[in-house]
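Not measured: the values here are computed from a predicted model.
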Amino acid sequence: NYRFPNEKECYELLKFYKVPDKIIKHSLKVAEVSLELYESMDNKAKNIDVGLLRAAALLHDIARMEKNHAQKGAEIIQSLGYSRLAHPISTHMDIAVDDGKDITEGEILYLADKLVKEDKILPLESRMQMQMELFKGDEFVLNKIEQRYDMAKKIMLKIKKTSGEK
């Protein structure tokens, strides 16, 4: 009946699902960046549940070794009874951003994940260029990369708008 697992329970779930250390390090960095993004809004994002955000960041790649890992991870989390946590995990790869609505935990997680390569923080443009170079020649994948980074840029704007930054 818990809304989401606490930090210790997240680590236990990662161990139980045999998530490799490399992915756990990535998830820790994504959690760190997620909280920094939240804090950059100076508590003006009243609808954000920080505990939910942290749990989602820690568990977003719980099924990373599987095909369609975002959806599979959400299914695992849902099966454990954490329905509120399943949505941000399901959208950490692909998300639709509504400019007219308040920022969500899923949007913050999405952006943080795009800013972290393995366990290193990279500027969004650098990360996008790395992806574009890796998949050059595959138009379908390149279009997907562009869509994902367009969503990330929209989220960055929402964060700036929420914080009152011009």
Side-chain angles (χ1 to χ4, degrees), residues 1-41 43 45-98 101-124 126-128 130-131 134-135 141 144-145 147-149 151-152 154-156 158-159:
N1 290 334
Y2 296 114
R3 297 179 306 148
F4 47 84
N6 64 35
E7 190 171 337
K8 183 178 182 219
E9 292 165 331
C10 287
Y11 290 121
E12 291 300 321
L13 286 169
L14 292 168
K15 258 196 321 194
F16 180 81
Y17 285 95
K18 297 178 176 52
V19 176
D21 287 342
K22 177 177 159 179
I23 294 171
I24 292 173
K25 286 179 183 175
H26 165 76
S27 296
L28 285 168
K29 187 57 80 172
V30 170
E32 178 186 317
V33 171
S34 293
L35 294 175
E36 287 173 4
L37 290 169
Y38 169 73
E39 289 166 6
S40 77
M41 292 181 275
N43 295 321
K46 304 275 187 227
N47 62 312
I48 298 297
D49 185 323
V50 179
L52 178 72
L53 176 61
R54 180 154 178 77
L58 289 171
L59 296 173
H60 78 281
D61 276 344
I62 195 166
R64 183 68 182 98
M65 303 307 290
E66 299 185 40
K67 188 173 179 156
N68 299 319
H69 78 278
Q71 191 57 43
K72 181 64 178 165
E75 289 168 11
I76 290 169
I77 295 304
Q78 182 73 42
S79 75
L80 297 171
Y82 300 119
S83 55
R84 277 189 67 211
L85 186 56
H87 182 70
I89 289 172
S90 73
T91 59
H92 84 270
M93 288 299 296
D94 290 296
I95 196 167
V97 178
D98 186 339
K101 291 193 175 177
D102 289 341
I103 191 99
T104 66
E105 292 90 355
E107 290 170 337
I108 295 170
L109 170 60
Y110 181 91
L111 177 58
D113 192 41
K114 301 302 171 272
L115 292 170
V116 176
K117 170 85 171 140
E118 296 176 8
D119 63 345
K120 305 285 185 262
I121 301 170
L122 296 175
L124 191 60
S126 298
R127 182 83 197 281
M128 184 177 112
M130 290 170 83
Q131 294 291 97
L134 189 62
F135 293 101
V141 174
K144 196 68 164 161
I145 291 167
Q147 289 170 6
R148 287 178 175 159
Y149 283 91
M151 291 300 110
K154 280 185 166 188
I155 295 166
M156 288 178 98
K158 280 181 86 168
I159 288 172

**Complete:** In terms of heavy-atom contacts, Y82 and F4 come closest through CD2-CA, 3.5 Å

**Asked** For the side chain of Q131 and the backbone of M128, is there at least one donor-acceptor N/O pair under 3.5 Å apart?
**Response** no

**Request:** Can you see which heavy atom on K67 is nearest to which on K72, and at what distance?
**Result:** O-CB, 4.4 Å

**Asked** Yes or no on salt bridge (Lys or Arg N to Asp or Glu O under 4.0 Å) for K46 and D102, after CA distance, side-chain angles and deciding distance?
**Response** CA-CA 9 Å; K46 304 275 187 227; D102 289 341; over 6 Å; no

**Asked** Just how far is it from atom CD1 of I89 to atom CD1 of I62, taken to the nearest 0.5 Å?
**Response** 7.0 Å

**Message:** Is it the case that the side chain of K158 and the backbone of K101 share a donor-acceptor pair, with hydrogens and angles ignored and the cut-off at 3.5 Å?
**Reply:** yes

**Asked** Mind checking whether I103 and I159 have side chains closer than 4.5 Å, heavy atoms only?
**Response** yes

**Asked** Is the NE2 atom of H69 crowded by more than 12 outside heavy atoms at less than 6.0 Å?
**Response** yes

**Asked** Would you say the side chain of L59 lies within less than 4.5 Å of the side chain of P5, judging by non-hydrogen atoms?
**Response** yes

**Request:** Under the side chain to side chain contact (heavy atoms under 4.5 Å, CB included) rule, what do E105 and Y38 come out as? Steps first, then yes or no, please.
**Result:** CA-CA 9 Å; E105 292 90 355; Y38 169 73; over 6 Å; no

**Item:** Trace of the side chain to side chain contact (heavy atoms under 4.5 Å, CB included) decision for V30 with H92
**Value:** CA-CA 11 Å; V30 170; H92 84 270; over 6 Å; no

**Prompt:** Which heavy atom of R127 sits nearest a heavy atom of Y149, and at what distance?
**Reply:** CG-OH, 3.0 Å

**Request:** Answer yes or no: is there a side-chain heavy-atom contact under 4.5 Å between Y11 and L28?
**Result:** yes

**Message:** So L122 and L115, do their side chains get closer than 4.5 Å, heavy atoms only?
**Reply:** no

**Request:** Just do the side chain to side chain contact (heavy atoms under 4.5 Å, CB included) check on D94 and K144 with the steps written out, would you?
**Result:** CA-CA 9 Å; D94 290 296; K144 196 68 164 161; 3.4 Å; yes

**Item:** Test item: R54 and L58 side chains (from C-beta on) under 4.5 Å apart, heavy atoms
**Value:** yes

**Prompt:** With respect to I108, which candidate in S40, P88, S34 satisfies the side chain to side chain contact (heavy atoms under 4.5 Å, CB included) definition?
**Reply:** S34

**Asked** Is there side-chain contact between Q71 and M93, with at least one heavy-atom pair below 4.5 Å?
**Response** no

**Asked** Where do L85 and L80 land on the side chain to side chain contact (heavy atoms under 4.5 Å, CB included) test, with the steps shown first?
**Response** CA-CA 10 Å; L85 186 56; L80 297 171; over 6 Å; no

**Asked** Are any side-chain N or O atoms of D49 and backbone N or O atoms of L52, one a donor and one an acceptor, separated by less than 3.5 Å?
**Response** yes

**Asked** Rounded to the nearest 0.5 Å, how far apart are CG of L109 and NE2 of H60?
**Response** 6.0 Å

**Prompt:** From K15 NZ over to L13 CG, what is the distance, rounded to the nearest 0.5 angstrom?
**Reply:** 11.0 Å

**Prompt:** Looking only at heavy atoms, what is the nearest atom pair of H26 and D61, with distance?
**Reply:** CD2-OD2, 3.2 Å

**Request:** Give, for atom CD of Q147 and atom CD1 of I95, the distance between the pair rounded to the nearest 0.5 Å.
**Result:** 13.5 Å

**Prompt:** Does K114 make a cation-pi contact with Y110 (under 6.0 Å, within 45 degrees of the axis)?
**Reply:** yes

**Spacing of CE belonging to M151 relative to CE belonging to M156, to within rounding of 0.5 Å** = 14.5 Å

**Prompt:** In Å and rounded to the nearest 0.5 Å, what is the CD1 to CD distance from I121 to E36?
**Reply:** 5.5 Å

